[in-house]
Amino acid sequence: MAPEGNKMARKTLRTSYISTVVSISLVLFMIGTLGVLVLHARKVSNYVKENIQLSVMLLPDAGMAQVEGLLKVLEKSEYVKSATYVTKDEAAAKLKEDLGEDFVEFLGYNPLLGSIDVKMKAQYADSENIAALKAKITASSVVKEVYYQQSLLDDINKNMKTLALVILGFSALLFFIAAALINNTIRLALYSRRLLIKSMKLVGATRGFIRKPFVISGIMQGIYGAIIANLLLLGLLYFAKKEIPDLVEIQDYEMVLTLMGGVILAGIFISGVSTFFAVNKYLSRNTQDLY
Amino acid sequence: MDTSNIIKLENASIFQKKNLILNNVNLDICKGEFVYLIGKTGSGKSSLLKVLYGDIKLTQGEGAVAGYNLRKIKNKEIPFLRRKLGIVFQDFQLLTDRSARENLEFVLKATGWKDKNKISDRINEVLNKVALGTKGFKMPHELSGGEQQRLAIARALLNDPDVILADEPSGNLDPETSNEIMNLFFEISRSGRAVVMATHNYSLIEKFPARIVKFDQGKVFDHTQN
């Protein structure tokens with residue numbers, strides 16, 4: 001009989017402990033997901049900017065030596081991430097594939113020009129730098145013209161700034177909500193133990209002595225919650241990578257590890273501080289105010 | 001009997017929030033003295049005990065317990081006042097999330113005991129004193145009302161306190177155990193500790209006569225020793 005009752009009491013305590021850990025882990029997972037977005041936002045921005053392409057159309061009579069000379073100049077330029085020479089035959093093959101028709105056979109000749117596809121380094125991918133580079137390239141004797149989508153470039157730069165601000169504001173708001181949710185969960189869990197805290201006070205335990213095991217337990221709940229949140233986060237990243245292969249390009253494992261460390265720290269901090277204040281609240285109350 | 005006062009109240013008025021419960025209380029209790037507090041339910045016995053262990057602030061009049069001034073005592077000093085008192089609460093105030101032994105262990109650790117062997121020996125000693133030597137492993141809810149009461153008494157005895165404050169300690173006990181507990185309290189009292197006991201059990205008072213303090217209509221009447 002005795003062990004049965006004992007088991008039940010411990011089971012109830014364990015259930016309450018587990019549900020608190022699960023609540024904390026879900027909130028930390030939410031923070032972690034946002035952290036992934038924030039940390040990757042810059043990478044996404046760079047990825048998009050470095051895919052902005054300048055097409056340098058070469059004159060039909062451009063010699064190979066001159067083209068290679070221009071390629072070398074471009075590759076050495078601090079603005080340029082990559083420069084790829086596309087011959088007129090390669091351009092025709094690609095267009096043929098896109099159109100699904102052999103236009104060379106239809107026309108009887110290949111009207112396309114050889115070109116160099118230039119991709120900018122992210123930090124220089126703005127209107128001013130691109131215009132400067134365009135002017136420099138156009139001055140070359142083998143270049144017919146240089147073109148890129150100015151409106152797309154402007155849109156990307158403008159939207160990235162707005163997106164960064166929105167994500168930053170949203171992060172702050174979500175962090176506040178997360179802290180409030182964890183705080184509320186812990187306070188509710190401790191509410192059921194307020195009379196126990198009162199009993200501890202009545203038998204002569206100091207505030208510090210009573211508080212210590214509660215705060216340690218709160219920190220442990222934060223750590224367990226953070227570990228679960230990190231596992232969920234890893235699962236999310238794994239499936240995201242599977243579903244969106246392009247993500248491989250922007251995923252940074254060092255960054256993910258830092259983020260997971262951050263989630264653990266956030267778990268410890270929010271749970272520890274919330275427990276500290278919740279216990280203090282009950283320690284400071286008069287007995288009559290506890291009922 | 002040592003005649004120095006261990007409890008002293010002078011013109012003390014006791015309030016529960018803003019309600020006046022007891023007016024102009026004067027009470028002196030010496031070391032080794034055994035005092036019954038009697039009166040109807042709601043007459044203020046428990047409130048007086050609460051003032052003595054610092055659960056209700058004394059805001060009017062003067063009071064001192066075991067060297068602590070009840071008017072001037074700071075919140076952080078209250079745990080140290082309580083360590084000088086052994087308190088048996090009407091509702092036991094046991095820690096429901098741990099076994100009987102762990103309840104006693106908590107008090108000893110909270111009051112600075114470190115040595116595991118000494119802690120274990122002291123727990124065995126007090127559990128045997130209240131005839132719970134074989135039930136230390138049980139959770140409070142697995143103990144009967146009387147056993148919980150005895151555990152609360154064992155807890156009060158742990159630190160060899162200067163004063164025992166007991167609120168209806170025989171309320172849940174059978175007559176035989178009541179007698180044993182009363183003998184125990186008198187033994188404690190004879191060893192130089194003051195015992196203040198709130199009770200309704202008049203047959204017990206007849207059997208174990210001692211000084212009586214009566215509570216009636218917000219006033220306290222101190223009867224001379226029986």
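Within every chain, numbering begins at 1; the chains are lettered A, B, ... in the order of the sequence lines, protein sequences first and strands thereafter.
- Annotation: residues 208-229 of chain A contacts chain B through A:Phe209 [non-hydrogen atoms, separation under 4.5 Å].
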Step by step, would you call B:Arg193 with B:Asp160 a salt bridge (charged side-chain N to carboxylate O under 4.0 Å, His left out)?
-> CA-CA 9 Å; B:Arg193 274 108 187 127; B:Asp160 228 352; 3.5 Å; yes

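- No donor-acceptor pair under 3.5 Å is formed between the side chain of B:Ser120 and the backbone N or O of B:Asn117.
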Could you go step by step and tell me if A:Glu50 and A:Lys119 meet the salt bridge (charged side-chain N to carboxylate O under 4.0 Å, His left out) rule?
-> CA-CA 6 Å; A:Glu50 285 179 353; A:Lys119 287 183 177 170; over 6 Å; no

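- Within residues 64-85 of chain B, the residues having any heavy atom less than 4.5 Å from a heavy atom of chain A are, in residue-number order, B:Pro79, B:Phe80, B:Arg82, B:Arg83.
- Neither side chain, B:Glu33 nor B:Ser189, offers a donor N or O lying under 3.5 Å from an acceptor on the other.
- Annotation: cation-pi geometry not satisfied between A:Arg285 and A:Tyr282 (NZ/CZ under 6.0 angstrom from ring centroid, within 45° of ring axis).
- Residues satisfying the ring pair (Phe, Tyr, Trp, His ring centres under 6.0 Å) criterion with B:Tyr53, sequence neighbours excluded, are B:Phe89.
- The ring pair (Phe, Tyr, Trp, His ring centres under 6.0 Å) search around B:Tyr36 returns B:Phe34, not counting sequence neighbours.
- Of all the listed residues (B:Asn159, B:Leu158, B:Leu95), the one sharing the greatest number of non-hydrogen pairs under 4.5 Å with chain A is B:Leu95.
- Taking a 6.0 Å sphere around NZ of B:Lys8, one finds it holds more than 12 heavy atoms contributed by other residues, nucleotides or ligands.
- The environment of B:Phe186 atom CZ is dense: over 12 non-hydrogen atoms of other residues, nucleotides or ligands sit within 6.0 angstrom.
- Looking at B:Ile87, only its side chain comes within 4.5 Å of chain A, counting heavy atoms on both sides.
- With no hydrogens or angles considered, no side-chain donor-acceptor pair links B:Glu105 and B:Asn103 at under 3.5 Å.
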